[in-house]
Number of protein chains: 2
Amino acid sequence: MMTIGEAAGATGVSAKMIRYYESIGLLPKAGRTQGGYRTYGHTELHDLRFIRRARDLGFGIEEIRKLLDLWRDRERSNTEVKAIAQRHVEDLERKIADLTAMRRALSHLAACCAGDGRPDCPILEELGA
Amino acid sequence: MMTIGEAAGATGVSAKMIRYYESIGLLPKAGRTQGGYRTYGHTELHDLRFIRRARDLGFGIEEIRKLLDLWRDRERSNTEVKAIAQRHVEDLERKIADLTAMRRALSHLAACCAGDGRPDCPILEELGA
DNA sequence: GCTTGACCTTCCTACGATGGGAAGGAGTAT
DNA sequence: ATACTCCTTCCCATCGTAGGAAGGTCAAGC
């Protein structure tokens with residue numbers, strides 16, 4: 001059995017976030033020592049690593065909640081899991097497209113700006129047009 | 001002279017955000033009518049459009065604050081503007097790279113998942129590995 | 001046993017940008 | 001005068017994460 005700090009070190013999820021995930025019901029309430037310290041065992045560490053990986057893939061808390069439920073359900077249907085994943089892929093693609101449009105517009109403007117110390121600046125001209 | 005709602009309609013910046021920008025000092029305090037309504041003229045509309053365009057390019061408030069200051073400064077050096085823009089381009093590229101990595105990993109997993117209603121699911125297997 | 005220091009507890013605050021809504025006043029058209 | 005739209009300020013929520021304060025617990029060394 002580990003303390004919250006050890007579990008944090010072992011999973012890469014900060015102690016702060018572990019308490020937060022518990023507080024919003026993403027994780028079941030952790031066991032406690034006599035002194036009131038939270039305790040973490042194999043199952044709990046697994047959940048934490050699961051959450052960590054899902055966060056790394058950009059899933060939001062509510063999506064992770066569903067994924068954890070599905071993971072715990074032996075009778076689950078992979079159709080639902082795949083749907084969640086595909087929705088998230090589309091979400092990522094939308095965000096990538098937005099950022100890419102910004103980057104393209106802005107790097108074009110930056111390329112047009114001499115950057116030679118004079119006041120003339122196509123970037124500001126465009127913003128102030 | 002326009003009211004805040006008219007200025008919002010004319011610039012695409014919501015009345016809420018106009019008040020917010022004023023409250024954080026991004027915009028100077030607007031003039032007021034006798035009744036206490038904020039008033040907006042040419043200069044103010046220009047600033048609002050400037051902010052709107054900069055937001056559309058993904059600049060944060062503090063960057064916009066600097067850009068607005070530079071815009072107002074006739075003695076400005078385009079070197080500084082270009083540096084801000086290039087830093088932001090790099091920021092965008094980092095975000096794009098992060099999201100792209102997520103999308104690649106996740107769409108690979110989704111492609112490996114049959115989605116045929118059975119419990120077997122490479123996505124959950126990977127998250128729970 | 002006692003002290004020290006590391007770790008834990010809860011609770012509050014903040015971020016960045018935006019939106020929602022309540023309560024009440026201003027302006028305008030009939 | 002009435003009714004309606006718009007304005008005002010103020011508070012709260014989002015989402016995930018981090019910082020800090022005040023106080024309790026635990027283990028190691030003396």
Side-chain angles (χ1 to χ4, degrees), chain A residues 1-27 29-41 44 47-48 50-68 88 91-92 94-95 98-99 102, chain B residues 1-27 29-41 44 47-48 50-68 88 91-92 94-95 98-99 102:
Chain A
M1 283 307 210
M2 292 181 174
T3 65
I4 198 171
E6 290 162 344
T11 62
V13 180
S14 73
K16 282 264 184 201
M17 292 313 297
I18 297 176
R19 292 192 197 97
Y20 172 68
Y21 293 149
E22 182 184 322
S23 81
I24 61 172
L26 182 59
L27 292 172
K29 292 193 179 176
R32 300 280 182 143
T33 65
Q34 286 190 332
Y37 284 18
R38 287 174 179 81
T39 57
Y40 296 88
E44 290 78 15
D47 284 0
L48 287 172
F50 186 101
I51 292 172
R52 176 72 210 279
R53 293 201 183 94
R55 293 286 308 132
D56 286 349
L57 287 173
F59 284 106
I61 298 285
E62 292 313 312
E63 289 169 315
I64 297 176
R65 196 188 298 272
K66 285 180 211 150
L67 290 172
L68 266 174
H88 186 49
D91 197 38
L92 289 170
R94 236 173 289 125
K95 285 177 181 154
D98 288 351
L99 293 176
M102 291 179 191
Chain B
M1 283 307 211
M2 292 181 174
T3 65
I4 198 171
E6 289 163 345
T11 62
V13 180
S14 73
K16 281 264 184 200
M17 293 313 297
I18 297 176
R19 291 192 198 99
Y20 172 68
Y21 294 149
E22 181 183 324
S23 80
I24 62 172
L26 182 60
L27 292 172
K29 293 193 180 176
R32 300 278 182 146
T33 65
Q34 287 191 332
Y37 285 17
R38 288 173 178 82
T39 56
Y40 295 88
E44 290 77 16
D47 283 1
L48 287 172
F50 186 102
I51 293 173
R52 176 70 210 278
R53 292 201 184 94
R55 292 286 309 130
D56 287 348
L57 286 172
F59 285 106
I61 298 285
E62 292 313 312
E63 289 168 314
I64 296 176
R65 197 188 298 272
K66 287 180 208 148
L67 290 171
L68 265 174
H88 186 50
D91 197 39
L92 289 170
R94 237 173 289 124
K95 285 179 182 152
D98 288 350
L99 293 177
M102 290 179 191

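Here is the naming used below: chain letters follow the sequence lines, and residue numbers restart at 1 for every chain.
At the heavy-atom level, B:Arg55 lies under 4.0 Å from the strands shown only through sugar-phosphate atoms. Among the protein residues, A:Tyr21 comes within range of the sugar-phosphate backbone only, with heavy atoms under 4.0 Å from sugar or phosphate atoms but none that close to a base.
The distance from atom CD1 of B:Ile64 to atom C1' of C:dA17 is 10 Å, rounded to the nearest whole Å. The CD-P distance, from A:Glu22 to C:dC8, rounds to 14 Å in whole Å. When rounded to the nearest whole Å, the span between CD of A:Glu63 and P of D:dC15 equals 11 Å. If you measure from atom OH of A:Tyr20 to atom C1' of C:dA14, you get 14 Å, rounded to the nearest angstrom. Counting to the nearest Å, the C1' atom of C:dG20 and the CZ atom of B:Arg19 are 13 Å from each other. At whole-Å resolution of the value, OH in A:Tyr40 and P in C:dC7 are 16 Å apart. What separates CE of B:Met17 from P of C:dG20 is a distance of 12 Å, to the nearest Å. The separation between B:Glu6 atom CD and C:dG27 atom P is 13 Å, rounded to whole Å.
Of the candidate nucleotides D:dG16, D:dT8, C:dC8, D:dT8 has the atom nearest to the side chain of B:Arg38. Closest approach to the B:Ile4 side chain among D:dT8, C:dT9, D:dC26 is made by D:dT8 (side chain taken as heavy atoms from C-beta onward). Taking only side-chain atoms of A:Arg32, from C-beta outward, the nucleotide of D:dG16, C:dT9, D:dT9 with the closest atom is C:dT9.
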Using the rule given for side-chain contact (heavy atoms from CB on, under 4.5 Å), can you reason through A:Ile64 versus A:Tyr21, listing the C-alpha separation, both sets of side-chain angles and the distance that settles it, and then say yes or no? CA-CA 11 Å; A:Ile64 297 176; A:Tyr21 293 149; over 6 Å; no
Would B:Arg55 and B:Met17 count as a side-chain contact (heavy atoms from CB on, under 4.5 Å) if you check the C-alpha gap in whole Å, the side-chain angles of each, and the deciding distance to 0.1 Å? CA-CA 12 Å; B:Arg55 292 286 309 130; B:Met17 293 313 297; over 6 Å; no
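Counting heavy atoms from C-beta outward, A:His88 and A:Phe59 have side chains that approach closer than 4.5 Å.
Taking for each of B:Gly36 and A:Ser14 the nucleotide of DNA chain D with the nearest heavy atom, the 5'-most of the two is the partner of B:Gly36. Annotation: of the two residues near DNA chain C, B:Glu62 and B:Gly35, the 5′-most nearest-nucleotide partner is B:Glu62. Toward the 5' end of DNA chain C, the nearer of the two residues B:Gln34 and B:Gly60, judged by each one's closest nucleotide, is B:Gly60.
Rounding to the nearest 0.5 Å places CG of A:Leu67 at 7.0 Å from CD of A:Glu63.
For D:dG16, its base never sits under 3.5 Å from the side chain of A:Lys16 at any donor and acceptor pair. Between the side chain of A:Tyr37 and the base of D:dG24, a donor-acceptor pair under 3.5 Å is found.
Contact check on B:Lys95 versus B:Asp91 returns a salt bridge, with a Lys/Arg side-chain nitrogen under 4.0 Å from an Asp/Glu carboxylate oxygen.
Listed pair B:Thr3 / D:dC7 meets the phosphate criterion, a side-chain N or O lying under 4.0 Å from OP1 or OP2.
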